[in-house]
Amino acid sequence: MVNQAAAQHVSVIGLGVMGTALAKALLAGGHEVTVWNRTAARAEALVSDGAKVAANSAEAMAAGDLVVLCVLDDAAVREHLEPAADQVRGKVVVNLTTTSPEQARSLGRWAEANEVELIDGGIMAVPEMIGGPEAFVLYSGATGGFERFRAVLELFGRAEFVGEDLGAAAMYDVSILGAMYAMFAAFRQGGTMVRSIGGSAARLSELTAPFLQSVAALLEGFAPGVDNPADYVQPQSDEFTAAAIDLIDKSAAESGNPTELYGVLRRALVGL
Ligand SMILES: NC(=O)c1ccc[n+]([C@@H]2O[C@H](COP(=O)([O-])OP(=O)(O)OC[C@H]3O[C@@H](n4cnc5c(N)ncnc54)[C@H](OP(=O)(O)O)[C@@H]3O)[C@@H](O)[C@H]2O)c1
């Protein structure tokens with residue numbers, strides 16, 4: 001994907017499967033990209049795409065006006081960023097490593113003390129999707145830095161800024177993933193239930209996927225009930241929802257399947 005961003009000097013620290021995809025998107029977008037990876041071979045593999053390879057992480061960070069980190073975890077970020085305070089002072093640093101909201105805020109305190117404009121990011125894509133139409137990345141933190149480099153960041157996928165609180169991107173990230181895991185857990189449970197009557201999870205998936213796509217559109221109408229419960233008139237009563245969940249629970253119990261999940265859903269949705 002080529003966008004209209006003027007060519008920038010960008011550093012990419014960490015070239016695992018995701019960091020490599022990010023670096024390739026930047027190179028394809030026409031930017032000057034300096035890379036570093038703990039295992040050097042992964043950096044050398046990008047030379048033919050036009051990347052410059054730095055001898056160490058501090059040297060890589062010195063080369064970029066925008067510094068992107070995508071390593072394993074918060075500990076690896078700190079291991080390389082903190083000793084490079086002089087190399088990143090006055091720059092925009094985007095941390096695309098998955099961290100918790102409090103880890104992001106804590107790194108923000110370090111960044112503020114070292115005059116770094118920090119942006120935290122949560123990538124909502126797998127590496128193959130980077131730069132494609134379905135990929136999006138959540139960002140929070142330094143708005144000025146985000147706006148300055150927005151066109152560059154959009155090379156990764158749609159750039160969604162979710163707040164100045166550095167913990168915001170991580171909190172939206174885990175909340176989206178939580179919805180996904182809840183869906184998979186319920187599908188696994190349903191698959192066991194239909195198998196107990198001679199059906200299959202494969203058939204259930206054919207029937208469930210289009211249904212879930214249509215009900216996902218109802219989330220927008222459901223959200224005001226969470227944001228402003230006092231002003232919200234829900235279309236379905238708690239009594240109705242509780243009865244519907246109890247029926248699922250009863251059907252699971254009748255067929256000898258576990259029911260814990262439905263008790264949890266009932267408490268989460270109607271509070272009892
Ligand atoms: N893959 C995905 O689908 C996906 C999606 C969303 C977010 N993410 C996030 O992106 C980040 C990177 O994930 P990935 O999929 O690229 O993982 P990966 O392929 O396992 O790569 C991990 C990277 O971290 C580096 N690393 C680990 N410990 C390090 C240390 N102490 N110092 C320096 N570098 C270190 C590794 O270097 P070596 O090459 O030397 O081992 C490698 O470059 C993670 O935070 C992940 O949660 C990934």
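Both counts, for ligands and for their atoms, begin at 1 and track the order of listing.
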Please give the N or O to N or O pairs under 3.5 Å between ligand 1 and the protein, distances rounded to 0.1 Å.
residue	atom	partner	partner atom	Å
ligand 1	16 (O)	Val17	N	3.3
ligand 1	16 (O)	Met18	N	2.9
ligand 1	19 (O)	Val17	N	3.0
ligand 1	24 (O)	Leu72	N	3.1
ligand 1	28 (N)	Arg38	NH1	3.4
ligand 1	31 (N)	Glu79	OE1	3.0
ligand 1	32 (N)	His80	NE2	2.9
ligand 1	39 (O)	Asn37	ND2	2.9
ligand 1	39 (O)	Arg42	NH1	2.7
ligand 1	40 (O)	Arg38	NE	3.0
ligand 1	40 (O)	Thr39	N	3.0
ligand 1	40 (O)	Thr39	OG1	2.5
ligand 1	41 (O)	Arg38	NH2	3.0
ligand 1	43 (O)	Leu15	N	3.3
ligand 1	43 (O)	Gly16	N	3.0
ligand 1	43 (O)	Asn37	OD1	2.6
ligand 1	45 (O)	Val71	O	3.1
ligand 1	45 (O)	Leu72	O	3.1
ligand 1	45 (O)	Thr98	N	2.9
ligand 1	47 (O)	Thr98	OG1	2.6

| task | Could you tell me which residues satisfy side chain to side chain donor-acceptor pair (under 3.5 Å) with Ser255, sequence neighbours excluded, listed by chain and number? | result | Asn257
| field | Arg105 and Thr99: side chain donor to acceptor below 3.5 Å | value | no
| message | Once side-chain hydrogen bond (donor to acceptor under 3.5 Å, both in side chains) is applied, what residue pairs with a partner in residues 114-124 remain, sequence neighbours excluded? | response | Glu117-Arg148
| query | In terms of side-chain geometry, is the basic nitrogen of Glu154 or Arg158 positioned less than 4.0 Å from the acidic oxygen of its partner? | reply | no
| request: State plainly whether the residues Glu102 and Arg109 are in salt-bridge range, i.e. N to O under 4.0 Å. | output: yes
| request: Could you pull out all residues at least two apart from Phe161 that satisfy ring pair (Phe, Tyr, Trp, His ring centres under 6.0 Å)? | output: Phe146
